[in-house]
Amino acid sequence: MAKLLDKIVVVDIEATCWEGKNPEGMDNDIIEIGVCLLDINTGEITNNRGIFVKPERSVISSFCTQLTTITSEMIEKEGVTFQEALRILKKEYDTQSRAWASYGAYDLKQFQRQCTDLGKGYPFSPSHINVKTLFALKQKLPHELGMDGSLQELGIPLEGTHHRGKDDANNIAKILREILKN
Ligand code: AMP
Ligand code: MG
């Protein structure tokens with residue numbers, strides 16, 4: 001498949017989580033896939049959306065709702081299956097042909113794990129960009145920063161709600177846009 005180097009797909013997921021260890025028998029499930037496109041030439045950020053995903057192996061704890069603001073009701077109402085979410089990524093964001101970016105290694109690992117465990121095809125190309133590492137390298141920082149720290153370093157206000165995939169993806173795209181500037 002030809003690589004489309006026009007736009008980078010920026011992704012940030014939220015998943016079911018608990019304060020300590022996972023409860024017996026529950027696995028972390030993706031519940032929101034935040035995504036947008038960063039245009040390499042214009043720096044424009046488009047197609048920003050949060051795809052809600054119904055968890056198949058766990059439930060949303062009150063701790064998880066506190067962290068993410070995502071409730072079971074929101075997911076019941078608007079959530080799609082993991083399979084459908086993967087289809088949307090491939091079809092509407094060309095994720096198999098484009099480079100994709102996320103903040104750190106977490107999103108990549110969770111996607112790999114969940115696709116393997118549920119027997120679904122991995123929806124992304126092998127070209128993953130770790131914005132957390134790239135930013136620290138670009139700024140010659142002594143250590144990597146959280147997303148909020150990197151935004152602060154750049155003087156860019158955090159837009160929307162931190163720990164909501166849709167807003168995190170948009171903010172991460174802004175950091176990547178700065179990195180890619182000459
Ligand atoms: P983030 O992109 O930083 O919003 O985090 C992505 C996911 O990581 C969240 O949806 C949680 O599943 C998990 N996570 C992040 N921070 C915490 C935390 N303090 N405790 C437990 N899980 C967390
Ligand atoms: Mg997030």
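When a ligand or atom number is given, it counts from 1 through the structure's own listing order. None of these values were measured; they are calculated from a predicted model.
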Next on the checklist: Tell me which pairs pass side chain to side chain donor-acceptor pair (under 3.5 Å) where either residue lies in residues 148-159, with sequence neighbours left out.
Outcome noted: Y103-S150, E159-N170, E159-K174
Next on the checklist: For the Mg ion (ligand 2), give me the closest N/O/S atom belonging to D12, just the atom name.
Outcome noted: OD2
Checklist entry - Can you name the N, O or S atom of D168 that is closest to the Mg ion (ligand 2)? => result OD2
Checklist entry - Transitively linked via ILVMFWY side-chain contacts under 4.5 Å: I129 with M147? => result yes
Item to check | Pairwise distance CD1(I40) to CD1(I8) - rounded to 0.5 angstrom | outcome: 3.5 Å
Checklist entry - With a 3.5 Å cut-off and no angle check, do the side chains of T69 and H163 form a donor-acceptor pair? => result no
Checklist entry - Taking 2.8 Å as the cut-off, does an N/O/S atom of E14 lie below it from the Mg ion (ligand 2)? => result yes
Next on the checklist: I'd like to know if the Mg ion (ligand 2) has an N/O/S atom from D167 within less than 2.8 Å of it, counting both backbone and side-chain atoms.
Outcome noted: no
Checklist outcome for this item: Hits for side chain to side chain donor-acceptor pair (under 3.5 Å) against D167, two or more places apart or cross-chain, chain-then-number order -> none
Checklist outcome for this item: Note: with side-chain heavy atoms under 4.5 Å as the link, the other cluster members for L5 come out as none
Mind listing the N or O contacts between ligand 1 and protein, cut-off under 3.5 Å?
from, atom 1, to, atom 2, distance (Å)
ligand 1, 2 (O), D12, OD1, 3.2
ligand 1, 2 (O), D12, OD2, 3.3
ligand 1, 3 (O), H163, ND1, 3.1
ligand 1, 4 (O), E14, OE1, 2.8
ligand 1, 4 (O), E14, OE2, 3.0
ligand 1, 4 (O), H163, ND1, 2.7
ligand 1, 4 (O), D168, OD2, 3.3
ligand 1, 10 (O), E14, OE1, 2.7
ligand 1, 10 (O), A15, N, 2.9
ligand 1, 10 (O), A15, O, 3.4
ligand 1, 12 (O), A15, O, 2.8

Checklist entry - Do any N or O atoms from the side chain of E92 and from the backbone of N47 form a donor-acceptor pair under 3.5 angstrom? => result no
Checklist entry - Are T95 and W100 close enough that some pair of their side-chain heavy atoms sits under 4.5 Å apart? => result no
